[in-house]
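A, B, ... follow the sequence lines: proteins, then strands. Residue 1 opens every chain.
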Protein chains: 2
Amino acid sequence: MRSRSTVLETATLGLLTTVPLHGYELRKQLSLLLGPLRAFSYGTLYPVLRSLQQRGLIATVEPTQATAATTARGTSLSGRRGRIVYELTADGKEHLQSVLSSAGPSAWEDENFDVRFALFAQTDADTRLRILEGRRTRLTEKLEAVRESAARIRERLDEYTLELQRHGLEQVEREVRWLDGLITQERGRASRDPRENQKERG
Amino acid sequence: MRSRSTVLETATLGLLTTVPLHGYELRKQLSLLLGPLRAFSYGTLYPVLRSLQQRGLIATVEPTQATAATTARGTSLSGRRGRIVYELTADGKEHLQSVLSSAGPSAWEDENFDVRFALFAQTDADTRLRILEGRRTRLTEKLEAVRESAARIRERLDEYTLELQRHGLEQVEREVRWLDGLITQERGRASRDPRENQKERG
DNA sequence: GTTAGCATGTAAGGAGTTACATGATTTT
DNA sequence: AAAATCATGTAACTCCTTACATGCTAAC
């Protein structure tokens, strides 16, 4: 079973569809794209960039006639320090599209939910709905399981544990309501424009 | 630098202070203690249990005069299948207390927040406040940083990314308000009973 | 007595961090 | 020209999952 794309790989390809970026800048945009949580260290980022490059999904951009006069920076080996700007290749675009429209095991879909959502503008309408509904289903299932077992041992728990549990449930419930709103919104969108199923940028 | 306790280790010790448990059961209680998220696999759990045992922090409980008649199960090697029940040793209690009252680097404190909170009943009042306030500070700092950089690139983002960002910020803001409530509650508690600083069970 | 679920365990590997090292550019 | 910050890179390690294997116990 070929290992699926990681969060970071997908997010990187997603970000590079809009603008070519170098690693350092990419990292900043990532924490923006994925929220206050989820910052990746350079120790993860740079190896991933190289891997993507070796697989031909991204490529370095030559500085054309920019500020720097120091030539031969980019493609070949040895003395390449300073910014290395990457852009998405044709293969990369294709790969990203196939990742964005594919389904995976639920654990994978959960882990990747926020990236997938952040890249909804590049995702077709059917997949958007599938992702939102899939997440909704899994969250409510977990909610049900927790509520059930919580009921059985409620009296054995101290006030802090109870409060943590209450707060956790509330957070998930809120998430479900958020998803509900998005789902009805997507449905409305679909009925207004039934033909839409490819790229879109706002 | 001796590696700090992991979430799972601390949670395990915390759960075992109340009741002796075997691994399988422990796992169920863990997902309850730590909310709908955070379920650990057996591949993680059992090695951790053995490690804790080897370090003398937990010990197997002999079945005394329980149902089973099959002797010599527990301590020594070879044929031990069926439940293995663990309890906290004196060393384990001591270790847990020292972990619960110690401070760590902020990344560690963030990762461990929920476990620490779940074990507040066994934590002294000063530490409770320190943990709550520390988390509040870190969250507001992140909030500020994200808001700031978000303002700079808002117009370059599509509607989905914006919605994700908005939702993320809202979640964190809500968390901060939750912490505020807990902090004032702890302060009130402290002024009503200024001497409390050790174990407590509800 | 055999299926189903409880219970424990191990090996391989994935995804990420930390700590470190170093080069390039800007600021003072 | 020194200091700060931008920018890239690597090695070792941690925590955890997956996939597998196996034994025990109860239900039918």
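Nucleotides of DNA chain C nearest to B/G23 and B/A107 differ in position, and the one nearer the 5' end is that of B/G23.
Judged by distance alone, with hydrogens and angles left aside, the side-chain atoms of A/E109 form a donor-acceptor pair with the main-chain N or O of A/G104 at under 3.5 Å.
Here the P atom of nucleotide D/dT5 and the OH atom of A/Y24 are 10 Å apart, to the nearest Å. Summarising the geometry, the separation between CG on B/L49 and C1' on C/dG9 is reported as 11 Å, rounded to the nearest angstrom. Taking atom CG of residue A/L30 and atom P of nucleotide C/dG16, one finds them 11 Å apart after rounding to whole Å. The CD atom of A/Q53 sits 14 Å away from the C1' atom of D/dG9 (whole-angstrom rounding). Summarising the geometry, the separation between CZ on B/F40 and P on C/dT8 is reported as 17 Å, rounded to the nearest angstrom. Rounded to an integer number of Å, the gap from B/I84 CD1 to C/dC6 C1' is 13 Å. Distance, A/W108 CH2 to D/dT17 C1': 17 Å, rounded to whole Å. Between A/L8 atom CG and C/dG14 atom C1' there is a gap of 13 Å when expressed in whole angstrom units.
Residues that satisfy the side-chain hydrogen bond (donor to acceptor under 3.5 Å, both in side chains) test with A/S51, not counting sequence neighbours, are A/R55. Listed by chain and number, the residues in a salt bridge (Lys or Arg N to Asp or Glu O under 4.0 Å) with A/R147 are A/E173 (sequence neighbours excluded). Scored by the side-chain hydrogen bond (donor to acceptor under 3.5 Å, both in side chains) test, A/T10 finds no partners at all (sequence neighbours excluded). For B/E25, the side-chain hydrogen bond (donor to acceptor under 3.5 Å, both in side chains) partners two or more places apart in sequence, or in a different chain, are B/Q29. Residues forming a salt bridge (Lys or Arg N to Asp or Glu O under 4.0 Å) with B/E186 (at least two apart in sequence, or on another chain): B/R128, B/R189.
Using bins of under 30°, 30° to 60° and over 60° for the plane-to-plane angle, the ring pair A/H22/A/Y24 lands in the parallel bin.
For A/T6, the listed nucleotide lying nearest its side chain is C/dA15; candidates were D/dG9, C/dA15, D/dC15. Side-chain proximity of A/R83 to the nucleotides D/dA7, C/dT8, C/dG16 is greatest for D/dA7. Residue A/S41 has its side chain nearest to C/dT17 when only C/dC6, C/dT17, D/dA7 are considered. In this structure, the nucleotide among D/dC6, D/dG9, C/dC6 sitting nearest to the side chain of A/Y86 is D/dG9.
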Return the polar atom pairs (N/O with N/O) between nucleotides 10-13 of chain D and the protein under 3.5 Å, or none.
residue: D/dT10; atom: OP2; partner: A/R50; partner atom: NH1; Å: 3.2
residue: D/dT10; atom: OP2; partner: A/R50; partner atom: NH2; Å: 2.1

